[in-house]
Amino acid sequence: MPAGSTDHDVIIIGAGFAGLYMLHRLRGLGMAARVLEAGGGVGGTWYWNRYPGARCDVESLQYSYSFADDLQREWTWTERYAAQPEILRYLDYVADRFDLRPDIQLDTRVTAASWDAPGTWRVETGGGERLSARYLVTAVGCLSVANLPGLPGSFRGPSYHTGRWPADGVDLSGRRVAVIGTGSSGIQSIPVIAESAEHVTVFQRTPNFSVPARNGPLSPEYEQWFKANHQDLRRQLRTSHSGLLASPNPDSALAVTDEVRGREFEARWERGGLGFLGSFSDLLVNEEANRTAAGFVHDKIRATVRNPAVAERLLPGGHPIGSKRLCVDTGYYAAYNRPNVTLADLRTAPIRELTPGGVRTAEREHPVDVIVYATGFDAMTGPLLAIDIRGEGGLSLRDKWRAGPRSYLGLMSAGFPNLFTITGPGSPSVLSNMIVSIEQHVDWIAECLERLDGRVIDADPQAEDAWVEQVNEIAKLTLFPRADSWYMGANIPGKPRVFMPYVGGVGVYRDKCSEVAAKDYQGFLRS
Ligand code: N01
């Protein structure tokens, strides 16, 4: 299809896993696509999150593209869980391997996009460039807008957010470091920073559940087996609940004896990783079942942390395990046995202000040289709403989503024709192996564009309403809404409290999307 009166057929925003694959697929269809990327390189989340200890919590062989047999044969991962530099090398390799770079424009932040009827998206960049395309695809990631808490006072030393870590690294050796936040980023970075820092003070507002990764070198035998069975394993990932090979146990935690339950938890704790939540089928839907898993982790924390008072302060209590993203760590709890790690519990002594030389809580001043903000992201909607997106009749996405995101299948939002949102709110996205979800969305969008053959598509508002209701209804059947999590928008002051991802599972969701396409895009309007 020729670009016609627009500069490009498609503009893709973002050059992470999603944007790179989208570009590759569109090239295969003969479409003229341009990727606009804010960063100075490709990689998306893996370009920005370079903090010490940054590592994927999904196993490397599963957290990789499946679309090209050659690619998966050629690439060798070194560890069970890949560290950030290795994933970034992989994405750079992919960009070169498929010759994607000529169509990727780096250092280009999209600031606005508006629909110009009957069929053009007009896109503006921070550098003042104006581009147009018939279709717009966002590949902006779910966790790419950093949340900085804006504490009162001022600190004279350097401070860094984990998700905006300087590309040339930061030398923290011999420094007194404050780490604010104990989500996945804090929990991964604290033990690594503690190895070289003079002192680490951890400012914890909410204790989090974490399970051991049991990371290590990837065994050549396992890799060979995975590659030999690539097709079948990838099919299993695509049809599973979470996009992971986690072998979920179909039994209820309450239907077995204490001994059997303990053995199952222990086996999964020893194996390491997110599969712990698959110990029993009802951990995320039944509070009593959930408490058994939480109690098991509490015992592990008590057994690991030598100072009983510190151990008690590390016990997560206010939310069911798994209702906030489960953390996967290497040596997190044991780090509190080090003489150079101190826990500052913000529940008993909140942060009052930053001082020139440190952080003052209600209790005392903690002198530090560097502050690391591991304070998370304005998740899921943040990256989309950071762009001033305007659809039919100037409708602003910020206005439409004021009370929470509304989309059909997480793929399109009614009133914003020809705009596709890869892993948008209302799709499994962050509750799944992101690569499985990204590939599914990219394939669905590519097929849709091919079949549209230049026509305009929009979500039917009725189909959207029904989908939003379904997303909410399924979430209510689970324990997820019980937590003040970023899934709920609860970490950002003023953000509407709505459970944003689709919790029904990637297999069920994939079937639904395929069925919609097979029924001639049921629930979408074309003109
Ligand atoms: O962010 P978070 P993250 N004062 O929002 C605290 C993915 N990820 O960057 O819970 C003091 O989870 C906040 O406290 P509270 C993964 O999906 C993946 O760690 O709001 N503290 C919390 O402890 C993950 O879930 C990997 O009370 C403040 C922390 O900061 C997601 O990214 C690695 C505060 C933020 O935790 C986000 O993780 C890393 C304040 N004013 C991340 N404001 C992988 O392994 C916030 N906090 C792939």
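One-based numbering, in listed order, for ligands and for the atoms of each. Computed from a predicted model, the values in this text were never measured in an experiment.
- Between L143, L346, V179, T206, it is L143 that holds the heavy atom closest to atom 7 (C) of ligand 1.
- Less than 4.0 angstrom separates some heavy atom of K324 from each of these atoms of ligand 1: 10 (O).
- Polar contact check, W486 against ligand 1: a nitrogen or oxygen pair lies under 3.5 Å apart.
- Here the shortest heavy-atom distance to atom 21 (N) of ligand 1, taken over I187, I180, L274, I87, belongs to I180.
- Shown here is R80, whose CZ atom has more than 12 heavy atoms of other residues, nucleotides or ligands within 6.0 Å.
- In this structure, CD in Q204 is found 5.0 Å from CG in L343, a value given to the nearest 0.5 Å.
- The shortest N or O to N or O distance between S184 and ligand 1 is below 3.5 Å.
- The 12-atom threshold is not exceeded at CZ of R306, counting heavy atoms of other residues, nucleotides or ligands nearer than 6.0 Å.
- The pair K476-E473 meets the salt-bridge criterion, with a side-chain N (NZ, NE, NH1 or NH2) lying under 4.0 Å from an Asp/Glu carboxylate O.
- With a 4.0 Å heavy-atom cut-off, ligand 1 is reached by the side chain of Y51 but not by its N, CA, C or O.
- Polar contact check, T182 against ligand 1: a nitrogen or oxygen pair lies under 3.5 Å apart.
- Heavy-atom minimum distance, P166 versus R50: O-CD, 4.0 Å.
- The atoms of ligand 1 that sit less than 4.0 Å from any heavy atom of S185 are 3 (P), 9 (O), 19 (O), 38 (O), 39 (C), 42 (C).
- Nearest protein heavy-atom neighbour of atom 4 (N) of ligand 1: R205 NH1, 3.8 Å.
- Neither the backbone nor the side chain of F203 comes within contact range of ligand 1; no heavy atom lies under 4.0 Å.
- V442 places none of its side-chain heavy atoms less than 4.5 Å from the side chain of H24.
- Of all the heavy atoms of A54, none lies under 4.0 Å from any atom of ligand 1, so neither backbone nor side chain is involved.
- Atom 29 (C) of ligand 1 has its closest protein heavy atom at A374 O, 3.3 Å.
- G181 CA, 3.6 Å is the protein heavy atom nearest to atom 6 (C) of ligand 1.
- Between G183, G53, A146, it is G183 that holds the heavy atom closest to atom 36 (O) of ligand 1.
- Remark: D299 engages R302 in a salt bridge, criterion side-chain N to carboxylate O under 4.0 Å.
- Ring pair F499/F480 is tilted by interplanar angle, where 30° to 60° counts as tilted.
- Between L384 and W401, the closest side-chain pair of non-hydrogen atoms falls below 4.5 Å.
- Looking only at protein heavy atoms, the nearest one to atom 1 (O) of ligand 1 is G376 CA, 3.1 Å.
- Side-chain polar atoms of R234 and S64 form a donor-acceptor pair below 3.5 angstrom.
- For the residue pair P191 and Y332, the shortest heavy atom distance occurs at CG-CA, 3.8 Å.
- In terms of N/O distances under 3.5 Å, ligand 1 is approached by R55.
- With ligand atoms numbered from 1 in the order given, ligand 1 contributes 44 (C), 45 (O), 48 (C) to contacts under 4.0 Å with heavy atoms of D57.
- Between W46 and ligand 1, no pair of N/O atoms sits closer than 3.5 Å.
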